[in-house]
Amino acid sequence: MRLILLGPPGAGKGTQAKMLKEKFQIPQISTGDILRHAVKDNTDLGVRAKSFMDAGQLVPDDVVVGLIKERIKQADCETGFILDGFPRTMIQAEKLSETLTEMDLTIDTVVDLEVNADEVISRLAGRSTCPECGAMFHEESRPPKVLGVCDGCGGTLAQRQDDNSETILKRLEVYQESTAPLKEFYMRQGNLKTVIARGSVEEIFSRVCEMVR
Ligand code: AP5
């Protein structure tokens, strides 16, 4: 099963991708996570990506396309994968199609998580993540058992650098401009499924599962 999760920042792509990964035993490929690790490790990729990420801008297409091309050719992707946060521009979508065609593969379903801007802002402003294991929390909808401490590994929770109000608004603007047009692209290809991403995480997950069966 090969899936793409589309949707604005804070739509719940990462949350749903982690649950899909468990259910279907296929890797979650998050360009945001890959880039954040690179920034944390101060690699060449991280140094190149950091200023774009901090400003809420997209990292250049050639950088992320190269990453994804390599990643989907790895052995654990043979039975499928979930793309979370990629593609995000028309160029990325076209390059992905080209690569998949070369590999004689297609995307089965593109799930578009629809949520309004007010909900997104409250989700992102209340989010904290564990830099050690990647677990995600929210101060209201999924609070950790102990404030500031990861339930899973005991790591110290942190707010993402780009989850401040100014950068969130920029990310939403960039989404509307560069990523929202991909819905039309995948609608024309006949594999776009829209999921209303309001309600509990579990309710949304069951809607997503209905779409990808
Ligand atoms: P990325 O990490 O992909 O960030 P994003 O798209 O802005 O998405 P988020 O991770 O913020 O949100 P999400 O939809 O995953 O929601 P989540 O599940 O976390 O990208 C970051 C940056 O990297 C970009 O700005 C760019 O610079 C760069 N980048 C990445 N990919 C790129 C690409 N392809 N090209 C170029 N640049 C790229 O949920 C959010 C919060 O809400 C959590 O706290 C969660 O617990 C909570 N929540 C989830 N579901 C619910 C619910 N149903 N009800 C209540 N709360 C909920």
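Start at 1 and go down the list; that is how both ligands and their atoms are numbered. Only heavy atoms go into these numbers, but all of them, side chains included; no hydrogens, no water, no symmetry mates. Worth saying up front: this structure is predicted, and the values here are computed from it rather than measured.
Asp162 and Thr167 share no side-chain donor-acceptor pair at under 3.5 Å.
Taking Met90 as the reference, Glu94, Leu182, Phe185 meet the side-chain contact (heavy atoms from CB on, under 4.5 Å) condition, with sequence neighbours excluded.
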Show me, pair by pair, the donor-acceptor contacts under 3.5 angstrom made by side chains of residues 44-53, not counting sequence neighbours?
{"residue": "Lys50", "atom": "NZ", "partner": "Asp54", "partner atom": "OD2", "Å": "2.5"}

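Counting non-hydrogen atoms of other residues, nucleotides and ligands closer than 6.0 Å to NZ of Lys21 gives a total of 12 or fewer.
When all heavy atoms are compared, the tightest approach of Pro8 to Leu172 is CB-CD2, 4.2 Å.
Taking a heavy-atom cut-off of under 4.0 Å, ligand 1 is surrounded by Pro8, Pro9, Gly10, Ala11, Gly12, Lys13, Gly14, Thr15, Thr31, Gly32, Leu35, Arg36, Met53, Gln57, Leu58, Val59, Val64, Gly85, Phe86, Arg88, Gln92, Arg123, Leu124, Arg127, Met136, Phe137, His138, Ser141, Arg160, Asp162, Arg171, Gly199, Ser200, Val201, Ile204.
Residue pairs meeting the salt bridge (Lys or Arg N to Asp or Glu O under 4.0 Å) criterion with at least one partner in residues 31-40, sequence neighbours excluded, are Asp33-Arg36.
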